[in-house]
Amino acid sequence: MVTDEENRAKGALKKAAKFGEDIDLDEYDEGSRELSTSGSFEDLSKDTQRTMLDTGIMPTAQGKSGNFLLMDNTVVHSATMGTGVELMPLSQAMKVHDWLKDYVWKAVQPDTDKYTAETYLEKADGYFIRALPGAKVQLPVQTCLLLKNRNTKQFVHNVLIAEEGSEFEVVTGCATSKGVEKGLHMGISEFFLKKDSKLTFTMIHNWSEFIGVRPRTIVQMDEGAAYINNYVALKPVKTIQMYPTANMNGKNGVCRFSSVAVAHPGSVMDLGSRAILNAPGCRAELISRTITTGGTVIARGQLIGNAPGIKAHLECKGLILNDKGVQIAIPELEARVPDVEMTHEAAVGKIAQDQVEYLMSRGLSEEEAVGMIVRGFLDVGIRGIPEHLKAEIDKTLQETDVRGM
Amino acid sequence: MLEIKNLTVEVGGKEILHDLSLSVKAGYTTVLFGPNGSGKSTLLMTIMGFSEYKVKNGSILLNGEDITHMPVNERAKRGIGMMMQRPPNLTGVRLKDLVRIAGKGEVDPAVLAEGLDMTRFLERDVNVGFSGGEIKRSEILQLEAQKPCLLLLDEPESGVDMVSIEKLGLKVHDILQGQSHCAGWREKSGKAALIITHTGQILDYVEGDRGYVMCDGTVACSGNPRELLAEIRKMGYNECIRCKLKRPNVVENL
Ligand SMILES: Nc1ncnc2c1ncn2[C@@H]1O[C@H](COP(=O)(O)OP(=O)(O)OP(=O)(O)O)[C@@H](O)[C@H]1O
Ligand SMILES: [Mg+2]
């Protein structure tokens, strides 16, 4: 029996996304669903472990509540170590939890665009994470999505549920294995944050200059829920377009999106974040810090205020470090009731010479001075990041070539 | 040690310093007076080499070497260090990190900060939200790490409270008396300073050896700094004009 949903998805198979270059899905081969699996992160090859480490994923079960690894389209590893949290492949969760059908494809619409349509029709697998009611999960859950083979299209479908009063942290690292010179990632993520739950979600992208990336994320938030989203993309990518959206449907919800990104020569990054404040007392903050060393960055942000007594701020700041770089900041505020406080701040430009020279007057070379200012600029965007990830990100930042000139 | 000859400087397309000459001898503390807008800060910024300050004519020699068009960091390497009147905000750069780097990794920011009661500022972004007096103390903290041999201080005491002024004054004294590490500065000839002050309070901590009064972008007169200060107190800057008339090469600018 063909469902209505399926029909709609089929109809959307050629539907270009609203933003971003239109990618021809037929150019790619479907990723393997039959790669060999692994009993633990520790058993993975050294190469894979190194690739994971670069995205903030520790190749160990120690100190983690759960570990999940998807390579191409195979769930290579999935294990829950901690209590209060469930982690398994979505395909398995659908069998375990009958009620899950009320969540799957309920936040993201299959016919949004060709990427959601294909992911839907391919019945993509991904992670299912659930924090149990009232659980305060101390240790983070790690999930890692890797592109392993050339010319692969990876489709992923993740569902995350934070039950009432739960608190937890998820880290997602996305990367490409060395030598993969073409690839496409499509990732559907549907997050449900119940009353008074809190989720800190950090995503680190480390694709490569050959990879196209099209994540589609919707977060549904109930009363008093708090969602902290950190996004870090310091390495090259071919093209990425995403616009994760929080639907704040319950009173007094809080959400914060912080993004830092570097557009290297050849990279096109169309990055947005959106908060729709549908209930009184909700607060949202969207902050992005982007740099171009020669690539293109489009920093979008949208706040929609549909209820009284809300407060929201949007901030996009971009630095251009190279003549060929392009920065486009598109902040949007939309208020539909009078009693709202919504502000935005956008600035793009080159690094301030007086700051560079001030540091040079303390003995730093011009290059060191620029590096320090650029890192400081990005640092503001990652101050909310969990401590255990800071060291790794700082290291990447130190290594990031910000000369641009 | 520092020899400025016939310096003409433009800022934002406007000539601010005109045909200015002065010298700072090794081991000497030189004091710069002058009314608001007379070009004192402009002179210091030009000596440090900030690119907004364009030298149109004249030269700056440091230990005989022409540094007129040298990049800022090369001047820092040669021993010049500056306290700016209005340093820029460095969002995201922690004071702790800047102090460590200014000290080339050889100083402990925590120890230095303790001495200036600046411990709680170490984790803060440099100058962001600092009060006037806090900026001065943060600048001195950085200079203490940097250990320059020619200190350029732009109104070090202005805005600093009575307690901190003592700490700051003694620090300046220490920096001037401390060991010299800069190439080209012979140990025994000592370090030098060029200090801008309106009140002369800093002179309670470092003895001034020579003073200059600036007016309208050039040096109007020079002499013993205490005497100059006393004169300015008594007569205001009117005295400047009179000094100036004695200098034939600036008469046409009047
Ligand atoms: N970018 C600029 N464009 C135009 N005029 C400038 C610029 N920068 C400085 N000036 C002018 O140059 C003159 C000298 O300024 P400067 O800051 O050197 O004065 P100062 O002697 O240090 O004064 P104060 O005692 O108030 O600190 C002032 O009239 C100032 O307005
Ligand atoms: Mg001044």
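Here is how names work: the chains are called A, B, and so on, in the same order as the sequence lines, proteins then strands, and each is numbered from 1. Hydrogens, waters and symmetry mates play no part in the numbers below; they use all other heavy atoms, side chains included.
- In terms of heavy-atom pairs under 4.5 angstrom with chain A, the leader among B/Met48, B/Arg94, B/Arg75 is B/Arg94.
- Between B/His198 and B/Asn36, the closest side-chain pair of non-hydrogen atoms falls below 4.5 Å.
- The aromatic rings of A/His205 and A/Tyr231 sit perpendicular to each other, their planes meeting at more than 60°, with 30° as the lower class boundary.
- Between the CZ atom of A/Arg256 and the OG1 atom of A/Thr200 there is a distance of 8.0 Å, given to the nearest 0.5 Å.
- With a threshold of 4.5 angstrom between heavy atoms, B/Met82 approaches chain A through N, CA, C or O but not through any side-chain atom.
- Residue contact with chain B, scored on non-hydrogen atoms closer than 4.5 Å, involves the side chain of A/Gln353 exclusively.
- Considering only residues two or more places apart in sequence or on other chains, B/Gln142 meets the side chain to side chain donor-acceptor pair (under 3.5 Å) condition with A/Tyr358, A/Arg362, B/Ser138.
- In this structure, chain A has a heavy atom under 4.5 Å from the backbone of B/Asn89, while its side chain stays farther away.
- Using a 4.5 Å heavy-atom cut-off against chain B, the contacting residues of residues 383-395 of chain A are A/Arg383.
- Closest of all the heavy-atom pairs between B/Gly81 and B/Gln146 is CA-NE2, 4.0 Å.
- For the residue pair A/Gln327 / A/Thr290, a side-chain donor-acceptor distance below 3.5 Å is found, with atom types taken as modelled.
- At least one cation-pi condition fails for B/Arg124 and B/Phe130: the charged atom is not both under 6.0 angstrom from the six-membered ring centre and inside a 45 degree cone around its axis.
- With hydrogens and angles left out, the side-chain atoms of B/Ser41 and B/Asp154 include a donor and acceptor closer than 3.5 Å.
- Chosen from B/Ala145, B/Gly49, B/Ala76, B/Pro71, the residue pairing most often with chain A at heavy-atom distances under 4.5 Å is B/Ala76.
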